[in-house]
2 protein chains.
Amino acid sequence: MKLKNETRKDEIIKTAAKLFKEKGYSAVTMRDLATEMGMKAASLYNHINSKQQILKEIIISLAEEFTTGLQEIQKSNKSNIEKLRDIVKLHVNITSHNTYGMASLNNDWMHLEEKLEYYLQLRSNYEDEFRNIIQQGIKKEEIINENIEVMLFSILSTLRSLYLWIPKKEDLNTEELSQQLSEVLINGINKKID
Amino acid sequence: MKLKNETRKDEIIKTAAKLFKEKGYSAVTMRDLATEMGMKAASLYNHINSKQQILKEIIISLAEEFTTGLQEIQKSNKSNIEKLRDIVKLHVNITSHNTYGMASLNNDWMHLEEKLEYYLQLRSNYEDEFRNIIQQGIKKEEIINENIEVMLFSILSTLRSLYLWIPKKEDLNTEELSQQLSEVLINGINKKID
DNA sequence: GTCTATAGCTAGATAGAC
DNA sequence: GTCTATCTAGCTATAGAC
């Protein structure tokens, strides 16, 4: 694990993530990746051990980023609605600086081999923490007493799909987007009488 | 195109959709599909012409179902908020009777060959119609004057992700789910003072 | 650190017996 | 309509020259 190699290796992983987003892990060949990197497929193996390792690094680092981000949010004394706003910010921030990787996290996790179980554990824990915030919010009468699973998956689906349309916006203002998204997800789109 | 073949062919397509949902189009082999069907790969070709044809039939029929469904909704004289509720129903209904196919529609459309352009056209038109309903809703002061793209993609992302968690619910009541989902998407989760 | 060459395997699809 | 056998092409990964 020489430090000198990390720069080139990171470049390969970043390029791979871009291609994985376009066609999915299984449809991208090492030759595709090599061509995009301007080299031959065999040369890739001086920097990475396998195609599987690339997928693992993309997905696990992102999954851990979400886990630590949510743990940080949970430490605060904010209201549950405020915690939800922080979760929206977390997703917008991570997605905006790694749009490509988010595609693999969402669509190619099932192709993980040794790390599959670990990933599933992280994801399951994340959903449990998220669900818990909604439950506490209902108990404290900050959140309506609707079906918890419907609220959880409605919000989470939107946040998980962010990678699909964030790149379409030019000059992205993450602070503004987070604010607008929170508004829509929390308060809805229905116009009330002022 | 003998009618007698259609039953077996439909069975193959349905099984393929299930496998495509689990691993994605590219990772599913004709041998996998044959095994699941209890036959040999070569035998599949008595019913279908190619793997690509299977994907095409799964995706295009669903895309057309959404297109005609939205056209039907557009014909009515309902308010724009009511039209949105109908769109939610449309997605819940189509997804609940073809959960597997929805995975391909969402994640494997880029592997379409001859029909790719047609699919992209249908999807683009669908989004335009959807956006138009929101715009009209804002104009008629039924919907808040927030960022249209944020509202559009927030709602559409949730509806497009329905296939991921609808099967987790046992004894699904589509009418009830549509109602709950509309409530959350339109009115938000924030508790207001009664 | 990149290359050529290639091993070893599996993919989609076809031919033809039954 | 299903089978066995097989073709051609493409895959990941390695060996070894430079």
Side-chain angles (χ1 to χ4, degrees), chain A residues 1-59 104 107-116, chain B residues 1-59 104 107-116:
Chain A
M1 303 282 183
K2 280 180 279 183
L3 254 157
K4 278 182 187 170
N5 281 351
E6 286 195 346
T7 307
R8 199 89 170 113
K9 181 182 164 186
D10 288 349
E11 201 184 342
I12 289 173
I13 289 174
K14 203 175 135 188
T15 305
K18 183 184 141 204
L19 295 181
F20 291 168
K21 184 185 178 222
E22 288 167 11
K23 305 200 292 175
Y25 175 73
S26 305
V28 174
T29 70
M30 295 304 272
R31 294 191 232 290
D32 291 337
L33 178 52
T35 302
E36 194 79 8
M37 288 291 297
M39 52 169 65
K40 295 291 174 180
S43 308
L44 292 169
Y45 290 88
N46 269 291
H47 308 281
I48 50 97
N49 300 319
S50 65
K51 188 185 175 189
Q52 171 69 202
Q53 184 204 1
I54 298 176
L55 184 69
K56 185 194 75 187
E57 301 218 3
I58 292 171
I59 292 181
S104 300
N107 301 320
D108 283 321
W109 57 265
M110 70 285 281
H111 298 119
L112 284 173
E113 290 162 14
E114 324 96 285
K115 292 287 182 178
L116 176 59
Chain B
M1 306 283 179
K2 280 179 279 181
L3 254 157
K4 281 183 189 172
N5 283 348
E6 285 194 345
T7 306
R8 199 87 171 112
K9 179 181 164 187
D10 288 348
E11 201 184 341
I12 289 173
I13 290 174
K14 202 175 136 190
T15 305
K18 183 184 142 206
L19 296 180
F20 291 168
K21 184 185 177 221
E22 287 167 12
K23 305 202 294 176
Y25 175 74
S26 303
V28 174
T29 71
M30 296 303 273
R31 287 168 179 80
D32 292 336
L33 178 53
T35 301
E36 194 79 9
M37 287 291 297
M39 53 169 66
K40 296 290 175 182
S43 309
L44 293 169
Y45 291 88
N46 269 292
H47 308 281
I48 50 96
N49 299 319
S50 64
K51 188 185 176 189
Q52 172 67 203
Q53 184 205 1
I54 298 176
L55 183 69
K56 184 194 76 187
E57 301 216 5
I58 292 170
I59 292 182
S104 301
N107 302 319
D108 283 321
W109 56 264
M110 71 286 279
H111 299 118
L112 285 173
E113 290 162 13
E114 324 94 284
K115 290 288 183 178
L116 176 59

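Since the structure is predicted, the reported quantities are computational estimates derived from the model, not experimental observations. Only this structure's heavy atoms are used, side chains among them; waters, hydrogens and symmetry mates stay out.
- Between Ser43(A) and dG1(C) there is no side-chain polar atom (N or O) within less than 4.0 angstrom of OP1 or OP2.
- When rounded to the nearest whole Å, the span between CE of Met39(A) and C1' of dA13(D) equals 16 Å.
- Side chain of Glu57(B) to backbone of Gln53(B): no donor-acceptor contact under 3.5 angstrom is found.
- For Lys56(A) (side chain) and Glu114(A) (main-chain N/O), no donor-acceptor pair under 3.5 Å exists by modelled atom type.
- Although no hydrogens or angles enter the test, the distance criterion places a donor-acceptor pair under 3.5 Å between the side chain of Lys51(B) and the main chain of Val28(B).
- Checking side-chain atoms of Asp108(A) against main-chain N and O of Tyr25(A) turns up a donor-acceptor pair under 3.5 Å.
- One atom, NZ of Lys40(A), and another, P of dT6(C), lie 15 Å apart when rounded to the nearest Å.
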Take nucleotides 7-18 of chain C nucleotide by nucleotide from the 5' end and write B, S or -, depending on whether a protein heavy atom sits under 4.0 Å from the base, only from the sugar-phosphate, or from neither.
----BBBBB---

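- The CG atom of Leu44(A) sits 13 Å away from the P atom of dC11(D) (whole-angstrom rounding).
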Show the atom names and distances, to 0.1 Å, of all donor-acceptor pairs under 3.5 Å that link a side chain in residues 34-43 of chain A to residues at least two apart or in another chain.
residue: Thr35(A); atom: OG1; partner: Arg31(A); partner atom: O; Å: 2.8
residue: Glu36(A); atom: OE2; partner: Lys18(A); partner atom: NZ; Å: 2.7

Go through it in stages, so that I can follow the logic: the residues are Arg8(A) and Glu11(A), the test is salt bridge (Lys or Arg N to Asp or Glu O under 4.0 Å), and I'd like the CA-CA distance, side-chain angles, deciding distance and then a yes or no.
CA-CA 5 Å; Arg8(A) 199 89 170 113; Glu11(A) 201 184 342; 3.1 Å; yes

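- For the pair Leu55(A) CG and dT12(D) C1', the computed distance is 15 Å after rounding to whole Å.
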